[in-house]
Amino acid sequence: MPSPSTPRRSAPRRGRDRQAEVLHPAPGRARFTQDAPRVAVVGGGIAGLAAATGLAERGARVTLYERENTLGGRLAGWPTELADGSSVTMSRGFHAFFRQYYNLRGLLRRAHTGLDMLTAVPDYPLQHSGGLYDSFAKVPRTPPWSAVGFAALSPTFGWRDMAQMDPRAALPLLDVRVPEVYDQLDSVSAHDFLAGIRFPEAAHHLAFEVFSRSFFADPRELSAAELVLMFHIYFLGSSEGLLFDVPDEPFSQALWEPLSAYLEAHHVKMRLATFVDTVAPDPAGGYRITAGGQEEHVDATVLALDTPGLQAVVASSPHLADATWRDRVSRLRTAPPFLVSRLWLDRPVRADRAGFLGTSGYASLDNVSVLDRWEGEAARWAARTGGSVVELHAYAVDPGAERAAEQERLLAQLYRVYPETRDARIVDARHEWRADCPLFPVGGYEDRPAVRTGDPTLVMAGDLVRTDLPVALMERAATSGFLAANALLEHWGVRGQVLWTVPRSGRSRLMRLLAGLAS
């Protein structure tokens, strides 16, 4: 496919930002006929599912390997039984499906044409322990009025505070260019970048730190380029706004079971609960995949794994790609641990509580979700019992923290945020500790592996992968998966998937002129 650096604008689909950019794949035949290659996709998360979809739709013979017994990766779900005998689904926690996630939504449309399984969350409020409260419900969606509206409506931006800011230091926010933003800001931490602007302390914590912690990282460790990119994607670079949708049932039922059926109809072989041990280049061409005690020969491989999984496979496959690439993979880092605590309470939280609330200043508590506000399974349990299902997130937890104590501390913060929960009995609880999200450290962009490797039949996908596009989190995973499929298809002369992104530079001429003052 053409380089991601050469998109062209095209008329947007109804409902899409008019300045969204389209990336056309390299020209080629529509699909394979008699010469369909065999491809191994290693990893069944969003990235692997996108890669498998892009390949299988064009006739490639795909085998998808997933070490867990369910698809979805960090959005997987699994059954569990509560103390009251209820069968419910547990997961790694809440995820927001923003309207800017064009390629992720395109993937999900394969099984749900109208995306009817997503429901809109009416607001994305942020609350600080000092009493300040922000809302995005009334903020205009279109830049630059989105920023003007947020500053005007937010209690964190007083006139005195605004006068103390350094507007020149903030100018890079007005015209983010991808990938040039990494040359400009990757050597600076998110914390230092914000400190240089002298944002009001409350705004620093309430608005921008919420963004940075979405990467599960301490702002002192996170590249400022990633923070500024987030600001562009969700705020000044897109007219889609900051409101989002969520699945109306657990991830497995709403998303992955229907998509799995779609892929099986395209003859994708699913090998779940199968750990890939090695990926060995075959001297005769292609690769030998050793997994679950079996060996399969394939013509190409997509590595769509999280950081620990990728490093394990590469470490056991010493002849993959070249030494420089293997060294890059070995240097990848994971963000600090995070905790998801889901509580089934015997009484409801107050009726006016938000379905999702971002928090700041409450020790390790980063957000609170009331799942029965939108998820059908949780709502049915709440209706049957008179209770409520509440989920707490803590990001970038100290790796040395004592887990039971941290779980109790998180619960104590819930009691501060929603005091009525203090009187509730916890029917049951589940606590998920994970430490497998990618870290995007200061100065790490140049060393990050890209979709393409030195071997045209070995490609990578995942939110850890460098794409040189304005995408992040779940959308980076989906986009990189399709890019990986497109790279292989281009190698074989087959036309790949059309992709979309938010604009890759500031959308307002005035903002671009102002940003030029910083250079």
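In this chain, residues are counted from 1 in sequence order.
If you check the side chains of Y262 and E257, you find no donor sitting under 3.5 Å from an acceptor. For Q127 and Y362, the side-chain atoms include at least one donor-acceptor pair closer than 3.5 Å. Donor-acceptor pairing under 3.5 Å is recorded for the side chains of Y445 and R466. In this structure, a donor-acceptor pair under 3.5 Å is present between the side chains of T457 and D455.
A donor-acceptor contact shorter than 3.5 Å links the side chain of E21 to the backbone of R504. Remark: the backbone N or O of T70 is not paired with any side-chain donor or acceptor of E68 at under 3.5 angstrom. Not one N or O on the side chain of Q497 forms a donor-acceptor pair closer than 3.5 Å with the backbone of F482. Using a distance-only test at 3.5 Å, with no hydrogens or angles considered, a donor-acceptor pair links the side chain of D186 to the main chain of G444. Using a distance-only test at 3.5 Å, with no hydrogens or angles considered, no donor-acceptor pair links the side chain of R109 to the main chain of G114. Side-chain N or O atoms of D366 include one that pairs as donor or acceptor with a backbone N or O of Y395 at under 3.5 Å. H128 contributes a side-chain N or O that, together with a main-chain N or O of G130, makes up a donor-acceptor pair within less than 3.5 Å. A side-chain donor-acceptor contact under 3.5 Å links R31 to the backbone of E57. Using a distance-only test at 3.5 Å, with no hydrogens or angles considered, a donor-acceptor pair links the side chain of T53 to the main chain of L49.
Residues I233 and S238 have side chains not in contact (no heavy-atom distance under 4.5 Å, counting atoms from C-beta outward). Annotation: side chain of R342 is in contact with side chain of L371 (closest heavy-atom distance under 4.5 Å). Within the 4.5 Å cutoff, the side chain of Y418 has heavy atoms near those of the V370 side chain. Under the 4.5 Å side-chain criterion, counting only non-hydrogen atoms from C-beta, V390 is not in contact with S369. Residues L439 and T334 are not in side-chain contact: their nearest non-hydrogen atoms beyond the backbone lie 4.5 Å or more apart.
The pair E249-R380 meets the salt-bridge criterion, since a charged nitrogen lies less than 4.0 angstrom from a carboxylate oxygen. Of the charged side-chain nitrogens involved, none lies within less than 4.0 Å of a carboxylate oxygen, so that R74 and D306 do not count as a salt-bridged pair. Salt bridge R92/E432: absent, no basic N to carboxylate O contact under 4.0 Å. One finds no salt bridge joining R328 and E446 here, because no Lys/Arg side-chain nitrogen approaches an Asp/Glu carboxylate oxygen to under 4.0 Å.
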Run T119 and D248 through side chain to side chain donor-acceptor pair (under 3.5 Å) and show every step you take.
CA-CA 6 Å; T119 185; D248 60 7; over 6 Å; no
Run the numbers on D17 and S239 for side chain to side chain donor-acceptor pair (under 3.5 Å), then give the verdict.
CA-CA 6 Å; D17 182 352; S239 67; 3.2 Å; yes
Take E264 and H266, measure what side chain to side chain donor-acceptor pair (under 3.5 Å) needs, and give me the verdict at the end.
CA-CA 5 Å; E264 287 175 345; H266 284 75; over 6 Å; no
Determine whether H95 and F97 satisfy the following criterion, ring-ring contact (aromatic ring centres under 6.0 Å, His included), listing intermediate values before the conclusion.
CA-CA 7 Å; H95 281 73; F97 289 68; 7.4 Å; no
Audit row: N367, T359, side chain to side chain donor-acceptor pair (under 3.5 Å) steps and yes/no
CA-CA 5 Å; N367 56 63; T359 60; over 6 Å; no
Test log, rule side chain to side chain contact (heavy atoms under 4.5 Å, CB included), inputs T301 and Y65
CA-CA 11 Å; T301 300; Y65 296 89; over 6 Å; no
Dump the intermediate steps for side chain to side chain contact (heavy atoms under 4.5 Å, CB included) on V459 and T453, then the final yes or no.
CA-CA 6 Å; V459 291; T453 69; 5.8 Å; no
Let's go through L464 and L332 carefully: what are the C-alpha distance in whole Å and the side-chain angles of both, what is the deciding distance for side chain to side chain contact (heavy atoms under 4.5 Å, CB included) to 0.1 Å, and is it a yes or a no?
CA-CA 9 Å; L464 60 84; L332 290 171; 4.1 Å; yes
List the steps and the verdict of side chain to side chain contact (heavy atoms under 4.5 Å, CB included) for R177 and H232.
CA-CA 9 Å; R177 295 175 180 269; H232 174 77; over 6 Å; no
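Across all non-hydrogen atoms, the minimal contact from S480 to A47 is OG-CB, 4.2 Å. Listed here is the closest heavy atom pair of V62 and V41: CG1-CG2, 3.8 Å. Between V302 and A51 the shortest heavy-atom distance is CG1-CB, 4.0 Å. In this structure, V417 and R353 approach most closely via the heavy-atom pair O-NH2, 4.0 Å. Nearest heavy atom pair, residue V465 against residue R448, reads C-CD, 4.0 Å. Of all heavy-atom pairs between G496 and P25, the closest is O-CG, 3.3 Å.
Cation-pi geometry between R373 and F94 is not met at under 6.0 angstrom from the ring centre and within 45 degrees of the axis.
Taking the six-membered ring for Trp and the full ring otherwise, F32 and W492 have centroids separated by under 6.0 Å. Between F244 and F98, the ring center distance clears the sub-6.0 Å criterion. For H191 and F193, the gap between ring centers reaches or exceeds 6.0 Å.
Rounding to the nearest 0.5 angstrom, the gap separating the CH2 atom in W500 from the CD atom in E475 is 13.0 Å. Atom CD in E377 sits 6.0 Å away from atom CD in Q253 (nearest 0.5 Å). Once rounded to the nearest 0.5 Å, the distance linking OG of S189 with CD of E226 reads 13.5 Å. Once rounded to the nearest 0.5 Å, the distance linking OG1 of T501 with CZ of R476 reads 12.5 Å. How far CG of L75 is from OG of S91: 7.5 Å, rounded to the nearest 0.5 Å. In this structure, M474 CE and D463 CG are separated by 10.5 Å, a value rounded to the nearest 0.5 Å.
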